[in-house]
Amino acid sequence: MTIYQNLIAGEWTGAEAVENINPSDTKEVVGLYASGSAADTRNAIAAAKAAFPAWSRSGIWERHVILKKAGDEIMARKDELGALLAREEGKTLPEAIGETIRASQIFEFFAGEALRLAGEVVPSVRPNIGVEITREPLGVIGIITPWNFPIAIPAWKIAPALCYGNTIVFKPAELVPGCSWAIVDILNRAGLPKGVLNLVMGKGSIVGQTMLDSPDLAGITFTGSVGTGKRVAVSSIEHNRKIQLEMGGKNPMVVLDDADLSVAVEAAANSAFFSTGQRCTASSRLIVTEGIHDRFVAAMTEKLKTLNVDHALKTGTHIGPVVDERQLKTDTDYIEIGKKEGAKLAFGGELISRDTPGFYLQPTLFTEATNQMRISREEIFGPVASVIRVKDYEEALAVANDTPFGLSSGIATTSLKHATHFKRNAEAGMVMVNLPTAGVDFHVPFGGRKGSSYGSREQGKYAAEFFTTVKTAYTLA
Ligand code: NAD
């Protein structure tokens, strides 16, 4: 089997490789992907540092053309790349193609942003002096990504980093190197100069840690778990390095008595179970007021009966497998914890076997949960959700906000008063009204509060905040 190698200083390199396994069919090896060393990582950082002076001064048209070409190729290959994504991560083919389209749109967006770079010219408070405020590239950016959005998250970090003139050392998650390799290959062929974008696949403890230990990374943009995010933060203080952290979630979805039941059920089922519940914006706390509670639980249970869990590439699959054995164990451990804590298992909870050996788990719904239970406080990151019964809107809001996290927050209601109040008072970076807590646009800011995020927002024009540094220049006229 060919080894998909690392790209360091414009050369494909690496003989050590690991298998990329399909979670829908563990007999299938998706490919062999290089596993980089600490020395590879240091070489990649050195290459990005050497490439920075020229790339940071490159013309905006050159950046535009490369980003646009990448976006166009990703769109042209959406079915093929979507199938690769579904095979390595396990989300269904329509979800995977949707994510691939989004990656293409992100490159198109930042291709446009490259042409819109601008500063400000303002008068000084002193006579005969002019002031210019400009944004300059930050330097070498370390990009560390998780496994659950194998193409969209790399795209939303790589595209702005390049757009604003930075060079990159990119380390994708071990479980899903395939899509990352593909977009690096696309950008490399689109004409990026050697060393501007370096790919080092491999272990977090080796490649990732070497990045954290380097004094030469001016910034690290990280998406992943809270534990790893904290390591990124601590190491970065020592190096006076800028960081952007997107971490866990325990997102609430409030359902009020006056909600349209079918809207609420569609939004809740999507939020909790699509993409196998493996989204940082997934909702795992369904906070439901008394008057609609029993009807909501009955309708949710009926809905869950209609969802097929199966091979990600199979037509008619609604929920693919869990990503790997370790995550499956976490999910089933939490199901046991929920039962022991006294929540009632209303649906699912069992492993399922299918034609191919894979990590198949029924969508699992608990009822009679409280917000103090571990299943309500800790991120599970699987197809497991709990219904928490509350008295009224005021209690629902208080419970929704009673969490260490603050990424996304949703409400199903037909009341303008409650929707408006919730938008203003939900302690989250993103608020959804009559929509799933997951599923966001690519051209507007993405990020959270409290334990979910640290640093400035990702995506849209707000991305400039992290990927640039501001300069204020004074000139005597
Ligand atoms: P993880 O923290 O285990 O891994 C994330 C990345 O960090 C991987 O590339 C990993 O190899 C790397 N890493 C591990 N140890 C490292 C170290 N010592 N130094 C440097 N890098 C290291 O997270 P995961 O399991 O891949 O992803 C799941 C988590 O990601 C969930 O908590 C989920 O909520 C979160 N997530 C958050 C968002 C968001 O935008 N808030 C989006 C997607 C996923």
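Just so you know, ligand 1 is whichever comes first in the structure, and atom 1 is the first atom listed for that ligand.
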S.K.: Run the side-chain donor-acceptor check on residues 43-52: report pairs under 3.5 Å with partners two or more places apart or on a different chain.
M.R.:
unit_1 : atom_1 : unit_2 : atom_2 : d
Asn43  : ND2    : Ala39  : O      : 3.4
Lys49  : NZ     : Asp216 : OD1    : 3.2

S.K.: With a cut-off of under 6.0 Å to the ring centre and 45° to the axis, is Lys91 in cation-pi contact with Phe149?
M.R.: yes
S.K.: When you compare the side chains of Gln278 and Asn148, does any donor N or O come within less than 3.5 Å of an acceptor on the partner?
M.R.: no
S.K.: Hey, can you tell me if Phe446 and Trp156 have their rings parallel, tilted or perpendicular (30° and 60° cut-offs)?
M.R.: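 Rings of Phe446 and Trp156: tilted, as their planes differ by 30° to 60°.
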S.K.: Do the charged groups of Glu465 and Arg135 touch, with an N to O distance under 4.0 Å?
M.R.: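 Salt bridge between Glu465 and Arg135, a charged N being under 4.0 Å from a carboxylate O: yes.
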S.K.: So which residues, sorted by chain and number, lie with a heavy atom under 4.0 Å of ligand 1?
M.R.: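 For ligand 1, the contacting residues are Ile144, Thr145, Pro146, Trp147, Asn148, Ile153, Lys171, Pro172, Ala173, Glu174, Gly204, Gly208, Gln209, Leu212, Phe222, Thr223, Gly224, Ser225, Thr228, Arg231, Glu246, Met247, Gly248, Cys280, Glu379, Phe381, Leu407, Phe446.
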S.K.: So, does Thr330 use its side chain to make a donor-acceptor pair with the main chain of Arg326 at under 3.5 Å?
M.R.: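 Here the side-chain-to-backbone pair exists.
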